[in-house]
Protein chains: 2
Amino acid sequence: MNIETASRQVDALGNPTRLRIYRALVRAGETGAPVGQVQEALGLPASTLSHHLKKLLEVGLIRQERSGTTLHCHAEYPVMRALVGFLVDECCVDEGTNVG
Amino acid sequence: MNIETASRQVDALGNPTRLRIYRALVRAGETGAPVGQVQEALGLPASTLSHHLKKLLEVGLIRQERSGTTLHCHAEYPVMRALVGFLVDECCVDEGTNVG
DNA sequence: CATCTATTTCCATGAATATCGAAACAGCCT
DNA sequence: AGGCTGTTTCGATATTCATGGAAATAGATG
């Protein structure tokens with residue numbers, strides 16, 4: 001993980017619409033959610049949603065898998081883990097161990 | 001924590017320059033770092049740095065404290081903790097406990 | 001007050017972003 | 001082929017952003 005990759009991934013989540021999309025996919029869990037379902041749940045026009053999905057795909061935060069005619073979107077948990085790891089890996093080191 | 005606050009904070013970190021600034025402050029630890037020191041370390045013009053610092057201040061990710069003539073900037077660890085908590089609080093719930 | 005240093009504001013500019021309708025396209029299934 | 005589901009492209013607009021030079025300001029000190 002480097003700062004360029006991290007900032008592009010963080011940037012992808014920095015848009016409120018994309019953050020909503022991403023969290024919807026996180027909630028959808030292992031099976032993911034079809035694009036149409038996300039679209040309806042968030043009330044987004046197709047092209048707008050597609051633009052945002054593309055950005056999330058580009059930075060690797062989500063993945064798509066075809067199942068019949070529908071494309072299921074999944075949150076890529078390992079990528080998020082790595083990103084969070086990068087954000088906090090030098091965080092709070094001076095503050096002892098009062099975690100939780 | 002709500003999605004608007006979270007996305008503004010995430011957005012603040014989504015710019016590579018600001019991510020560098022933030023990480024420099026994280027590394028600076030408890031004492032923080034004077035703006036001038038950050039400026040020299042990252043090689044940024046004063047006004048550019050100031051714009052970025054302002055944004056980080058606005059979303060609460062950093063704090064400034066005067067010490068004599070210099071202003072020390074600090075990373076606000078609790079804010080980052082809350083943000084990371086928001087990002088992962090529903091993350092990976094289906095993936096068991098293979099943490100670390 | 002004068003002066004010094006450290007930081008911010010003002011202003012401008014070029015670039016990128018977010019949004020979305022419409023229409024063409026692509027992959028899959030029956 | 002025909003009907004799904006979803007993506008891409010075109011085209012348009014309003015907004016926001018990143019950048020940085022110049023000038024103003026703030027706080028400490030003498």
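Below, chains carry the letters A, B, ... as their sequence lines are ordered, and counting in each starts from 1.
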Measuring to OP1 and OP2 of [N], would you say a side-chain N or O of [X] lies under 4.0 angstrom away?
| X | N | answer |
| --- | --- | --- |
| A:Q64 | D:dG6 | no |
| B:H52 | D:dC17 | no |
| B:S50 | C:dT8 | yes |
| B:K54 | C:dT7 | no |

Does any pair with a residue in residues 49-61 of chain B pass side-chain hydrogen bond (donor to acceptor under 3.5 Å, both in side chains), and if so which ones, sequence neighbours excluded?
->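 Checked against side-chain hydrogen bond (donor to acceptor under 3.5 Å, both in side chains) - neighbours excluded - the pairs reaching residues 49-61 of chain B are B:R18-B:H52.
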
What are the two closest non-hydrogen atoms of [X] and [Y], and how far apart are they?
| X | Y | value |
| --- | --- | --- |
| A:G29 | A:Y77 | CA-OH, 3.6 Å |
| A:M1 | A:F86 | CG-CD1, 3.3 Å |
| B:V26 | B:A75 | CG2-CB, 3.9 Å |

Transitively linked via ILVMFWY side-chain contacts under 4.5 Å: A:V88 with A:V79?
->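 Same hydrophobic cluster.
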
Evaluate the criterion side chain to side chain contact (heavy atoms under 4.5 Å, CB included) for residue pair B:D89 and A:R23; output intermediate values, then yes/no.
-> CA-CA 10 Å; B:D89 70 353; A:R23 283 175 67 80; 3.6 Å; yes

Taking protein heavy atoms under 4.0 Å as touching, what does nucleotides 21-26 of chain D look like 5' to 3' if B marks base contact, S marks sugar-phosphate-only contact and - marks none?
-> BB----

How long is the span from the CD1 atom in A:I21 to the CG atom in A:L53, to the nearest 0.5 Å?
->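 So the gap between those two atoms works out to 5.5 Å.
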
Whole-Å distance between [N] [atom2] and [X] [atom1]?
| X | N | atom1 | atom2 | answer |
| --- | --- | --- | --- | --- |
| B:L44 | D:dA18 | CG | C1' | 11 Å |
| A:K55 | D:dT8 | NZ | P | 15 Å |
| B:H72 | D:dA28 | NE2 | C1' | 14 Å |
| B:L56 | D:dA18 | CG | P | 10 Å |
| A:L49 | C:dA18 | CG | P | 14 Å |
| A:L71 | D:dT5 | CG | P | 12 Å |

Please name all residues satisfying salt bridge (charged side-chain N to carboxylate O under 4.0 Å, His left out) with B:E65, sequence neighbours left out, ordered by chain then number.
->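 Result, salt bridge (charged side-chain N to carboxylate O under 4.0 Å, His left out) vs B:E65: B:R63.
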
Is there side-chain contact between B:E76 and B:L61, with at least one heavy-atom pair below 4.5 Å?
->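 No - every pair of side-chain heavy atoms lies 4.5 Å or more apart.
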
Side-chain contact test, heavy atoms from C-beta onward, threshold under 4.5 Å: evaluate it for B:L19 versus A:L87 and give yes or no.
->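 Yes, close enough: below the 4.5 Å cut-off.
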
Within the distance-only criterion (no hydrogens, no angle test), does the side chain of A:H74 pair as donor or acceptor with the backbone N or O of A:L25 below 3.5 angstrom?
->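 It does not hold such a pair.
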
Strictly below 4.0 Å, heavy-atom distances to any atom of DNA chain C: list the hits from residues 4-20 of chain A, or just say none.
->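 The answer is A:N15, A:T17, A:R18.
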
Neighbours of DNA chain C within residues 33-42 of chain B, by heavy-atom distance under 4.0 Å =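 Those residues are B:V35, B:G36.
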
Any residue meeting side chain to side chain donor-acceptor pair (under 3.5 Å) with B:H72, in chain and number order, not counting sequence neighbours |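 B:H72 satisfies side chain to side chain donor-acceptor pair (under 3.5 Å) with B:T70 only.
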
Check: residues 2-13 of chain B side-chain donor-acceptor pairs under 3.5 Å, at least two apart:
residue : atom : partner : partner atom : Å
B:N2    : OD1  : B:E4    : N            : 3.0
B:N2    : OD1  : B:T5    : N            : 2.8
B:N2    : OD1  : B:T5    : OG1          : 3.2
B:N2    : ND2  : B:T5    : OG1          : 3.3
B:E4    : OE2  : A:R20   : NH2          : 2.6
B:S7    : OG   : B:I3    : O            : 3.3
B:S7    : OG   : B:E4    : O            : 3.1
B:Q9    : NE2  : B:V59   : O            : 3.1

Closest to the A:T69 side chain, choosing from C:dC28, C:dT8, D:dA28 =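 Closest nucleotide to the A:T69 side chain: C:dC28.
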
Divergence of helical axes at both termini of the helix from C:dC1-D:dG30 to C:dT30-D:dA1 - five pairs an end, 10° steps =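 The end-segment axes of the helix from C:dC1-D:dG30 to C:dT30-D:dA1 are tilted 30° relative to each other.
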
Under 3.5 Å, side-chain donor or acceptor atoms of residues 33-45 of chain B against the rest of the protein: list the pairs with distances, not counting sequence neighbours.
residue : atom : partner : partner atom : Å
B:Q39   : NE2  : B:L44   : O            : 3.3

